[in-house]
Amino acid sequence: MTDNRRIFSLNAIPDKPGCVIYWMQRDQRVMDNWALLYAQERALASHQPLAVVFCLVPDFLGATSRHYGFLVRGLEGVAEKLAKFNIPFFLLQGYPQDVLPRFILENEAGLLVTDFNPLRIPMDWRKKIADQVTVPFHEVDAHNIIPSRFISNKDEYAAYTLRKKVDQLLPEFLVEFPALLNHPCLPGGRAVPEIDWTGIRLSAKVDQDVPEVDWVLPGESHASAALGNFIGQRLNAYNSERNIPYSKGQSDLSPYLHFGQLSAQRVALEVMKSTGDPTSKTAFLEELVVRRELADNFCLHNAQYDDFNGFQPWAKKTLNKHRDDEREFLYTVGQFEGSFTHDDLWNAAQKEMVATGKMHGFMRMYWAKKILEWTRSPEEAVAIAVYLNDKYELDGRDPNGYAGIAWAIGGTHDRPWSERKIFGMIRYMNYAGCKRKFNANKYIMGIPQSQIVNPKS
DNA sequence: ATCGGCTCGCGCAA
DNA sequence: TGCGCGAAGCCGAT
């Protein structure tokens, strides 16, 4: 049974007979998916068919072919896998509010289920759908181990305030998943369509200037293999290697977690089961659980999560005080995008992101803090960091990215430090500090070359 | 090499 | 009301 603390009603319509539809959004996988499990549970209880639907929006929130390719190839695997469970998959093209209500009517649905996403646009879609449909509409948090709406009803001040709640609740929520069952009946109203996957990829009206990458292969079977590889090969050294940007010490699972092709709960279960250095396991689980779920909490409760106005009062005050400080270097967004700063370490991090779709976690902090230092205002810095992150990172448009940028530029979830130019009391980082931690030149020399097509001017 | 101070707000203990 | 504490910081003193 799905824990009812995972479920949130998006409208007050009472139960109705009819098939169950899972509108898949953020959690694009068949296994280990609480939203799908709940939808099947409800369908079986009322002897009804179950269908999964995904709405592919025409411009996908400014995503590029890099993201679109990863998404669509992953969905192709979802459709194949669902078919083995006798669950049909429908791909609707258009905005949810334009295509989903009609689909629900045509299939004479009795219940609509979706997954959880705290970001502005998906939240707005949910609201529009809730206003239009005449069936009960339930959201299931399939992304967080401890459901975001349940663990806290406010914008947590720092990691330690959420960590306490995580430590307390984790044993209740970090449980094995029940098996998805072969579904006994198919919806009668509508034939399961053949989907022209290649045609969909080629016809997408997305930015074609950022190519797909080949170091990380999309889909939940590749995600599962990547998890096994990390636990078997690299988890043991995670604590000592994770902040060395050329050492492959990180899990590299974030693209899978972002697209929901891998469940964080599955990752946590497998890491807990593994034998290995306990310090590494603890350090990894801190990032996977506390940091990741803190980012969802931040976006859920702070509507201005990608904006200067969303910073803490002390941070806004100190940044305001230093608005007119002299900047030694000023760059345009195009100069940042093309890696044309005076700082070879910064340029290397930017090139890594452009070429691979994943900048090393430690470098993301340095990268964002330098954008603050080299632009005219914190507003401009946030806008540039968000633009570049969302365009090039495979895990762009994710709460983790917004929380990370707010941490680096706006001191969110961090503490004040001693006052200095431009930064005020926001934690400072510099080149010398990086050199103390790792061989900066080795990182710079190891970055693949990349080409920017049509940078912003 | 290691340690404390930097500075603010929280949440808990007293 | 006091006190401990906080993602990766830096800097200066020992």
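Chain identifiers are assigned alphabetically (A, B, ...) following the order of the sequence lines, protein sequences preceding nucleic acid strands; residue numbering begins at 1 within each chain.
- For DNA chain B, the neighbouring residues in residues 148-170 of chain A, judged by any heavy atom under 4.0 Å, are A:K154, A:Y157, A:Y160, A:T161, A:K164.
- The span of DNA chain B lying next to chain A, judged by atoms under 4.0 Å from heavy atoms, is bounded 5' to 3' by B:dC6 to B:dC12.
- In this structure, A:K316 places its NZ atom where more than 12 heavy-atom neighbours from other residues, nucleotides or ligands lie under 6.0 Å away.
- Taking atom P in both B:dG5 and C:dC3, one finds a spacing of 14 Å when rounded to whole Å.
- Of the charged side-chain nitrogens involved, none lies within less than 4.0 Å of a carboxylate oxygen, so that A:D124 and A:R120 do not count as a salt-bridged pair.
- One atom, NZ of A:K369, and another, P of C:dA7, lie 13 Å apart when rounded to the nearest Å.
- Of the P atoms belonging to B:dC3 and C:dC5, the separation is 15 Å, rounded to the nearest Å.
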| Pair pattern of DNA chain B in dot-bracket, where unpaired bases get dots and | marks partners in another strand, Watson-Crick or G-U under 3.5 angstrom | ||||||.||||||.
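- For the pair A:K456 and A:Y387, the distance from NZ or CZ to the six-membered ring centre is under 6.0 Å and the angle to the ring normal is within 45 degrees.
- Applying the 6.0 Å contact sphere to NZ of A:K421 captures more than 12 heavy atoms from other residues, nucleotides or ligands.
- Relative orientation of the A:F70 and A:F259 rings is tilted, given thresholds of 30° and 60° on the angle between their planes.
- In this structure, A:R201 forms no cation-pi arrangement with A:W197, as its terminal cationic atom is not both closer than 6.0 Å to the ring centre and no more than 45° off the ring axis.
- Using C1' as the reference atom, B:dG9 and C:dC10 are 22 Å apart when rounded to the nearest Å.
- Between A:F116 and A:F8, the distance separating the two ring centers is not shorter than 6.0 angstrom.
- Here the rule is ring-ring contact (aromatic ring centres under 6.0 Å, His included) with A:W346, and of A:F336, A:Y431, A:Y366 only A:F336 fits it.
- Within 6.0 Å of CD on A:E328 lie no more than 12 heavy atoms contributed by other residues, nucleotides or ligands.
- Rounded to the nearest Å, the gap between the P atom of B:dC10 and that of C:dG9 is 25 Å.
- For the salt bridge (Lys or Arg N to Asp or Glu O under 4.0 Å) test, residues two or more places apart in sequence or in another chain that qualify with A:D3 are A:R5.
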N/O to N/O distances under 3.5 Å, protein versus nucleotides 11-14 of chain C:
none

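- Residue A:I146 is tested with A:L174, A:L162, A:D141, A:L169 for a side chain to side chain contact (heavy atoms under 4.5 Å, CB included); the sole match is A:L169.
- Only one option out of A:Y305, A:F311, A:W407, A:F298 pairs with A:Y402 in a ring-ring contact (aromatic ring centres under 6.0 Å, His included); it is A:Y305.
- Taking the six-membered ring where tryptophan is involved, the planes of A:F284 and A:F230 are tilted, since the angle between them lies from 30° to 60°.
- For the pair A:Y366 OH and C:dA7 C1', the computed distance is 18 Å after rounding to whole Å.
- Applying a 4.0 Å cut-off to non-hydrogen atoms, the residues of residues 288-319 of chain A that approach DNA chain B are A:W314, listed by residue number.
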